[in-house]
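Convention: sequence-line order gives letters A, B, ...; per-chain numbering from 1.
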2 protein chains.
Amino acid sequence: MVAQPDRREEANAERGGVERIRDAAIELFGQHGVNGTSLKAIAERAGVSPALIIHHYGSKDGLRVACDQYVADTLLALKTDAVRQGPRLDPVMLTSQIAEFRPLMRYLAKTLVDGSPHVNDLIDKMVEHAEQYIEEGVAAGLVKPSANPRARVVVLFLFAMGSLVLHEHFKRLLGVDLIDGDEPPVAYLQAVLEIYCEGVLTPGTYQNVRSYLDQLEEQSDPKGGSDDERD
Amino acid sequence: MVAQPDRREEANAERGGVERIRDAAIELFGQHGVNGTSLKAIAERAGVSPALIIHHYGSKDGLRVACDQYVADTLLALKTDAVRQGPRLDPVMLTSQIAEFRPLMRYLAKTLVDGSPHVNDLIDKMVEHAEQYIEEGVAAGLVKPSANPRARVVVLFLFAMGSLVLHEHFKRLLGVDLIDGDEPPVAYLQAVLEIYCEGVLTPGTYQNVRSYLDQLEEQSDPKGGSDDERD
DNA sequence: CAGTATGCTGACTAAGCGTTCAGTCAGGAG
DNA sequence: CTCCTGACTGAACGCTTAGTCAGCATACTG
């Protein structure tokens, strides 16, 4: 019913109602999306009244912005720490291993799709980190150089984020859980490693598709109805 | 204001109100998500009354299911056709090139995240197709063999789908538009091609990460796939 | 022509939403 | 003690939502 007056026993875990509300929101937003979560549900999970949420955050959108900001700040700090630890195959996977940050990853995965300015900033900064990080890898001889480093970093990074966003499908199709799994998603990691190390296409195919792409680049003409006439 | 009695003049473009409603729904669902779209908005776009939607589809969820079904059927038929046309780097990109199917791709990208049974079936079938398709590629010497073909196909396919889902970020970070672009997303395709042909990591790194992965696999059950068995 | 089904609508309802507000309560300051 | 402040609540508000219903208009059928 009402918030228990004796909240000191849980005070060590989460202090004020403000943060408890934010944590509840992150969890529910990450599960059902912002639009699919009502203030009432958040209030119930946080053990407060809906009015208190407005009291603290002004509006539902204010709460969402606060969540964005918090998630962005926290993950960015975590990422900065992770960089110091040394080379890693896929930083995203690393962070998802840490149970404490799973709600944040779920929130990020949901928010990535409907776009928030703060999360976009977070993504931009993460890509920037990755760019620098990969560059160091190239210099150290761990990573092959690329004809277009920026594009490759963006693709690699968004591949990883896309995997996170589609983690439910990985669970269904491959039986690995990229966010909630208690053990590392071995099958996923092995496949990614194989792709990133050995490649997928044979040299012959490379020439084939490469020439097609060069042809595309040449006719960078937006006009021309080449809808289905060219295969 | 009211629906014009003379609807024969538009009948060739879109016939009945039933399909006009479905098309409007697919477009709006794809833009703002199912939860973020009201029946009123769909009705307005279709030029009908909200009551008619209920009349035809029973409920909002009924409409959503009908949209799922339609998108799944249409894209599956398209994909089956595409397979006949011959080898392709990334079938998803092909379909997104065709302007007529862009709303369907947008719908798919949105629905992929919040999960619908019909769309899941669609994905499963697409993966099945891809598995077979890649296998033929291996037999023809176009694609390198894999230690775990199933896992590699799932990863490759979901990488492509993830790119579609995160197309807004590709637009922001790389300036290429995977869904709405009038010209092929050259930078994206080149980067993907480079990754899939040449790989990313150097052989030395491969040994390094590989041993780490083997170590991971030892910790869990070395029985075939990586099932979730213990927390 | 009457009868009847069907596409379709405006007016309506109940429920749920985010938000407002008056006011309670605990605790610190004077 | 009184006064004030800030966390907090229950009840209400205005609005939007999905969904209902009686009935109109048109089109086919006999």
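Residues His56(B) and Val34(A) both approach DNA chain C. Their nearest nucleotides, taken by heavy-atom distance, put His56(B) toward the 5′ side.
Heavy atoms from other residues, nucleotides or ligands lying under 6.0 Å from CD of Glu135(A) number 12 at most.
Straight-line distance from the NZ atom of Lys40(A) to the C1' atom of dA12(D): 16 Å, rounded to whole Å. In this structure, the CD atom of Glu19(B) is 12 Å from the P atom of dG7(C), given to the nearest Å. Taking atom CD on Glu44(B) and atom P on dT16(D), their separation rounds to 12 Å, with Å as the unit. Counting to the nearest Å, the C1' atom of dA18(D) and the CD1 atom of Ile42(B) are 11 Å from each other. Rounded to whole angstrom, the span from the CD1 atom of Ile53(A) across to the P atom of dT9(D) amounts to 10 Å. To the nearest angstrom, P of dT16(D) lies 17 Å from NE2 of His32(B). The OH atom of Tyr57(A) sits 17 Å away from the C1' atom of dG18(C) (whole-angstrom rounding).
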Output side-chain donor-acceptor pairs under 3.5 Å for residues 39-52 of chain B, partner residues at least two apart or in another chain, one line each.
| from | atom 1 | to | atom 2 | distance (Å) |
| --- | --- | --- | --- | --- |
| Arg45(B) | NH1 | Glu27(B) | OE2 | 2.6 |
| Ser49(B) | OG | Leu52(B) | N | 3.4 |

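OP1 or OP2 of dA7(D) sits under 4.0 Å from a side-chain N or O of His55(A).
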Is there any protein nitrogen or oxygen under 3.5 Å from a nitrogen or oxygen in nucleotides 19-25 of chain C, and what are the pairs?
| from | atom 1 | to | atom 2 | distance (Å) |
| --- | --- | --- | --- | --- |
| dT19(C) | OP2 | Lys60(A) | N | 2.6 |

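Val48(B) comes within 4.0 angstrom of sugar-phosphate atoms only, judged by non-hydrogen atoms across all strands, and of no base.
Taking the salt bridge (charged side-chain N to carboxylate O under 4.0 Å, His left out) definition, one finds that Arg64(B) meets it with Asp61(B), Asp68(B), sequence neighbours left out. In this view, Asp121(A) satisfies the salt bridge (charged side-chain N to carboxylate O under 4.0 Å, His left out) rule with no residue, not counting sequence neighbours. In this structure Tyr107(B) satisfies the ring-ring contact (aromatic ring centres under 6.0 Å, His included) test with no other residue, sequence neighbours excluded. Residues forming a ring-ring contact (aromatic ring centres under 6.0 Å, His included) with Phe159(A) (at least two apart in sequence, or on another chain): Phe159(B).
Between dT17(D), dC17(C), dG10(C), one nucleotide has an atom nearer to the side chain of Ser38(A) than all others, and that is dC17(C). Of the candidates dT17(D), dT9(D), dT9(C), the closest approach to any side-chain atom of Leu52(A) belongs to dT9(D).
Side-chain atoms of His167(A) come within 3.5 Å of backbone atoms of Leu164(A) as a donor-acceptor pair (strictly under, hydrogens ignored).
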